[in-house]
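Data block below; observations after.
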Amino acid sequence: MSYPKLSLQNVTRRFGSMTALAPTDLVVQEGEFVCVVGPSGCGKSTLFNLISGVLKPDSGTILIDNQDVTGSSGHVGYMLQKDLLLPWMTVIDNIVLGAILKGGASKAQRAAGVALAKRYGLGEFINHYPAALSGGMRQRVALMRTLAMQHEIMLLDEPFGALDSQTRLSMQQWLLTVWSEQKRTVIFVTHDIDEAVFLADRVVVMSPRPGRIREILTVDIPRPRPLSCLTSPEFTALKRKILDLVFLQDSSSEHHDTQESLAHGS
Ligand code: ADP
Ligand code: MG
């Protein structure tokens, strides 16, 4: 019998009297690429903090490979928007930082880090320091570090949020290559709907007050996805559907700015 890679059952979390996450169910299959979209404050990062065990839920169960991991950490790779590279360490040391922190990177772990760096466009930079790298390169290093930890599930919280739109697009293509070769299960938070549709097998749309999953949409665009799919009718139709969901969920004018930025993927 095969189990889903990740399963959230009735997971909730409050901060004081505020419900950051209303009862939430989510099932993610092995090797899936799932994007999570929704306005600021709808609980996307809370969801990740619960899955990674940084936060404990108030109720509910989180299963990975059918094992109960509720409230316990160390089961998933987690990458934040801010790259958190250590400026005094070289690229290769930053990539194998997980092993270094656990008492030292072995020769084999270092070699694996070098191989990852070479395979994914960082080969020339392994002995550079982060300050010498562009924003996109730094995010590549941060992702290699997450990969090097060897977790089968990777949570990526707006990893390309600070990049300009062209760099972002090339990073998205690069990430799809990494994902298809490395066979990891990826859950990816973004407020950019184009990014979500381009990357995902399924898009989870969340809404705020209280934070919850509003709808989950399947992206039926075949892979590999060329850039031309960004302007295809299927892409546009799905994007419109997600925009409608996001607009629909909050028609009050006070949140107009959020919706505008969602609509423009900024
Ligand atoms: P998102 O990532 O979608 O922008 P978050 O998950 O960060 O949203 O936050 C959801 C809600 O929970 C927000 O109202 C936020 O202010 C609140 N929140 C998040 N973390 C904490 C915390 N540690 N303490 C108190 N409130 C928090
Ligand atoms: Mg967040």
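For ligands, and for the atoms within them, numbers begin at 1 and follow the listed sequence. All of these numbers come straight from a predicted model, not from anything done at the bench.
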N or O contact, Gly43 vs ligand 1, cut-off under 3.5 Å: yes
Looking at [atom], what's its closest protein heavy atom, distance included?
| atom | answer |
| --- | --- |
| atom 19 (C) of ligand 1 | Phe15 CE1, 3.5 Å |
| atom 5 (P) of ligand 1 | Thr46 OG1, 3.7 Å |
| atom 13 (C) of ligand 1 | Gly41 O, 3.9 Å |

Whether Ser40 has an N, O or S atom under 2.8 Å from the Mg ion (ligand 2): no
Atom 7 (O) of ligand 1 touched by protein heavy atom at under 4.0 Å: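 Under the 4.0 Å cut-off, atom 7 (O) of ligand 1 does have protein heavy-atom neighbours.
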Gly211 touching ligand 1 at heavy-atom level, < 4.0 angstrom: no
Nearest option to atom 15 (C) of ligand 1, as decided by whichever heavy atom of Met206, Met18, Lys44 sits closest: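 The option holding the nearest heavy atom is Met18.
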Side-chain (Asn10) to main-chain (Gly60) donor-acceptor, under 3.5 angstrom: no
Rounded distance (nearest 0.5 Å) linking atom CD of Gln29 with atom CG of Leu6: 10.0 Å
Subset of ligand 1 atoms that lie under 4.0 Å from at least one heavy atom of Ser45: 1 (P), 2 (O), 6 (O), 7 (O)
Co-membership, hydrophobic cluster, residues Leu133 and Phe160, 4.5 Å side-chain: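 Yes, same cluster.
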Asp157 with Lys44: basic N within carboxylate O range, under 4.0 Å: no
Validation row: Arg184, Gln150 side chains within 4.5 angstrom (heavy atoms): yes
Arg240 CZ: over 12 foreign heavy atoms closer than 6.0 Å: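 No, the 6.0 Å shell around CZ holds no more than 12 heavy atoms from other groups.
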